[in-house]
2 protein chains.
Amino acid sequence: MRGALPPRPTSRDVAERAGVSQATVSLVLRDRWHGRVSPARAEAVRAAARELGYRPNVAARTLRLGRSRTALVVVPALTNEFFARVHAGAVRVAAGDDVGVVLYTSPLETGPARDPFASAGATLDGVLASSMAAEALAVLSGEGLPLVMLDSEPGTGAAATVNPDIAAGMRLVARHLLSLGHRRFAHVAADVDSWTFRERARVLAAELAAVRGARLVGTRRAPIGVPDGVLAAERALTAAERPTALVCDDDMLAVGACKAARRLGLRVPDDVSVTGFDDLTVATAVEPELTTVRLPGEELGAAGMRALLAALRGESPGATVLPVELVRRGSTAVPQEPAAPGAPE
Amino acid sequence: MRGALPPRPTSRDVAERAGVSQATVSLVLRDRWHGRVSPARAEAVRAAARELGYRPNVAARTLRLGRSRTALVVVPALTNEFFARVHAGAVRVAAGDDVGVVLYTSPLETGPARDPFASAGATLDGVLASSMAAEALAVLSGEGLPLVMLDSEPGTGAAATVNPDIAAGMRLVARHLLSLGHRRFAHVAADVDSWTFRERARVLAAELAAVRGARLVGTRRAPIGVPDGVLAAERALTAAERPTALVCDDDMLAVGACKAARRLGLRVPDDVSVTGFDDLTVATAVEPELTTVRLPGEELGAAGMRALLAALRGESPGATVLPVELVRRGSTAVPQEPAAPGAPE
DNA sequence: TCACGGGGGTTATACGTAACACTTCTGGAG
DNA sequence: CTCCAGAAGTGTTACGTATAACCCCCGTGA
């Protein structure tokens with residue numbers, strides 16, 4: 001594949017130029033030379049390497065050492081800003097420890113289509129996987145590499161788990177809306193079968209069940225994205241019993257919900273309150289700005305990579321839960337309608 | 001780094017189990033066995049490999065072959081949706097040709113901080129780089145690998161260039177606004193020194209210069225992002241001469257511009273028209289939806305990877321220009337104000 | 001009968017690096 | 001003067017794979 005390129009210099013070329021053996025070159029450049037090579041020769045080796053533009057062959061080094069200081073990061077899709085943040089956090093921490101990151105994007109639902117390990121193009125030391133379905137997890141853990149899961153069911157055979165406190169997030173949303181006086185809710189749910197979304201549904205139902213008169217009048221599933229959010233919210237808002245609050249699993253769905261409300265002539269937040277999840281950039285781009293749960297995506301990726309690096313050192317990081325935060329903005333308010341059913345219109 | 005993991009089986013293990021030599025295993029699994037190994041033995045080898053869960057060692061293969069079927073993709077930041085799309089397109093095409101992709105994210109302005117080749121964790125066959133500054137390009141081309149540049153100055157020593165038709169895009173924007181009757185423009189420019197943004201500024205200026213009475217009343221630079229877009233647009237809209245149209249280098253900046261207008265009590269598009277660039281998801285999330293130039297990000301990545309694969313096969317793909325499209329939406333309209341200076345208020 | 005060709009394998013080697021085990025030399029203690 | 005310790009290097013090997021080069025045996029045509 002490399003055409004008629006000038007061949008890359010090897011450590012042997014460096015050795016020849018510096019007038020030493022290849023072993024000495026390796027010692028010097030790996031910084032293992034103290035007390036074994038005289039400072040003058042060490043400097044000569046470094047100079048020769050510099051002059052030739054020498055760069056160690058990664059494949060040879062990996063083969064020799066049996067490890068690569070490279071981790072695989074698996075996320076569903078980078079076009080989802082949340083996962084781009086996770087990736088950025090993971091890369092930041094890995095870089096600080098001089099560990100490389102190879103990325104694999106895998107559809108949320110189906111799991112890896114191609115073999116993530118074969119297509120990685122690198123020998124891998126560990127895996128950091130985010131928001132995967134259980135079957136996908138099985139594929140990943142099958143390799144026997146240290147595995148850290150993000151935003152996934154705890155205690156599923158991974159070396160460690162790092163999760164944002166999803167339950168707390170949904171609890172904050174529910175209590176915020178309840179305290180504003182909302183009683184009829186609809187859940188605009190992400191049409192994805194993974195722990196994080198099951199958890200949201202579970203907690204929402206539990207919180208509403210705990211308050212007299214509060215009810216979930218409907219759940220609409222939609223693939224994450226604005227257009228599908230519009231459709232799902234339209235159906236929720238035109239159902240027999242109209243909810244006063246739309247709880248959305250994701251900011252994109254929430255944006256769709258706001259658009260749907262507007263199309264139906266409903267004002268947000270006066271006629272219907274809308275909440276999101278994630279606190280993406282879009283949450284403050286729209287008008288009104290979204291009330292949402294801030295999930296620390298960058299920190300999630302960073303903490304996950306820290307856990308993976310610890311696992312690679314032989315430690316057992318266990319499970320970590322990251323705090324989340326409710327960001328109150330303009331898309332939620334006291335419902336402007338008869339509060340008690342049966343009251344005159 | 002790999003703790004007490006069970007050692008991975010090698011081709012020699014497979015050979016032993018199948019009762020053949022290691023060479024035969026390699027021949028069979030590389031599909032080079034026709035006429036050299038009997039079908040029965042070939043099947044036995046494949047069975048043994050399956051039973052052991054054998055997976056060829058990537059490092060050893062790369063070392064032996066001197067190439068890795070792996071390409072480096074360099075983008076400024078994945079949290080920018082446009083580059084996430086570019087990446088997705090590149091990965092899609094590469095996967096179709098059984099080529100892996102390693103990602104490197106590099107700050108737009110400064111170029112690679114860490115060594116992209118050292119941190120790749122893989123031997124690389126080629127490089128696909130997007131929207132890089134000239135100095136960054138120099139670092140990348142220094143390695144002597146086949147290099148394809150995206151959205152960058154044509155003819156800068158790369159094997160090939162693939163660009164969206166930036167000039168046409170800005171021309172469409174300018175003519176659209178001019179035909180609506182706008183004459184006083186401000187440019188909300190991305191504060192990034194790269195070809196693509198210089199090109200936008202150049203074409204905008206040229207188009208306005210070609211129409212009597214049309215003028216650029218100001219240029220405000222801002223880092224790409226909503227908050228900075230707000231600031232820049234606020235300054236543009238409160239300047240002595242208020243523009244009727246804000247031409248933004250990016251949808252994020254345009255969203256910020258819309259927010260700024262609203263804060264100043266100006267209506268979009270009645271009091272001020274706003275245009276974006278890229279057609280990101282956010283463009284249809286906001287109200288009014290953005291008039292913008294759709295840059296085919298996914299296709300850009302795909303075409304770039306196709307060019308790189310061609311270069312790796314020894315062909316010379318040359319320069320490609322991808323068509324762009326003006327998407328007229330709600331953020332532009334005929335200016336609602338005295339068209340001619342000097343007319344009564 | 002023998003040379004020969006080809007099917008069906010095997011042996012051996014190289015890729016570039018890291019590091020263990022050795023060698024050589026020098027200076028100082030005994 | 002001998003012996004030894006340590007400094008300063010070098011020779012050699014192994015990592016796992018792909019493939020060139022070789023080998024053996026059987027059938028066939030001369």
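Every chain is numbered from 1 and lettered A, B, ... according to where its sequence line falls, protein lines coming before strand lines. Everything numeric in this text was worked out from a predicted model, so none of it was measured.
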message: Please encode protein proximity along nucleotides 8-16 of chain D as a string of B, S and -, counting only heavy-atom distances under 4.0 Å.
response: BBBBB-BBB
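- For Thr161(B), the side-chain hydrogen bond (donor to acceptor under 3.5 Å, both in side chains) criterion is met by no residue, not counting sequence neighbours.
- Residues satisfying the side chain to side chain contact (heavy atoms under 4.5 Å, CB included) criterion with Ala48(A), sequence neighbours excluded, are Val14(A), Arg17(A), Ala18(A).
- Screening residues 35-45 of chain B for salt bridge (charged side-chain N to carboxylate O under 4.0 Å, His left out) gives Glu43(B)-Arg46(B), Glu43(B)-Arg50(B) as the qualifying pairs, with residues at least two apart or on separate chains.
- For Trp33(B) and dG7(C), the CH2 to C1' distance is 13 Å, given to the nearest whole Å.
- Distance CZ (Arg32(B)) to C1' (dT17(D)): 13 Å, rounded to an integer number of Å.
- Separating the CG atom of Leu29(B) from the P atom of dT19(D) is a distance of 13 Å, rounded to the nearest angstrom.
- Residues satisfying the salt bridge (Lys or Arg N to Asp or Glu O under 4.0 Å) test with Glu16(B), not counting sequence neighbours, are none.
- Residue pairs meeting the salt bridge (charged side-chain N to carboxylate O under 4.0 Å, His left out) criterion with at least one partner in residues 73-90 of chain A, sequence neighbours excluded, are Glu81(A)-Arg85(A).
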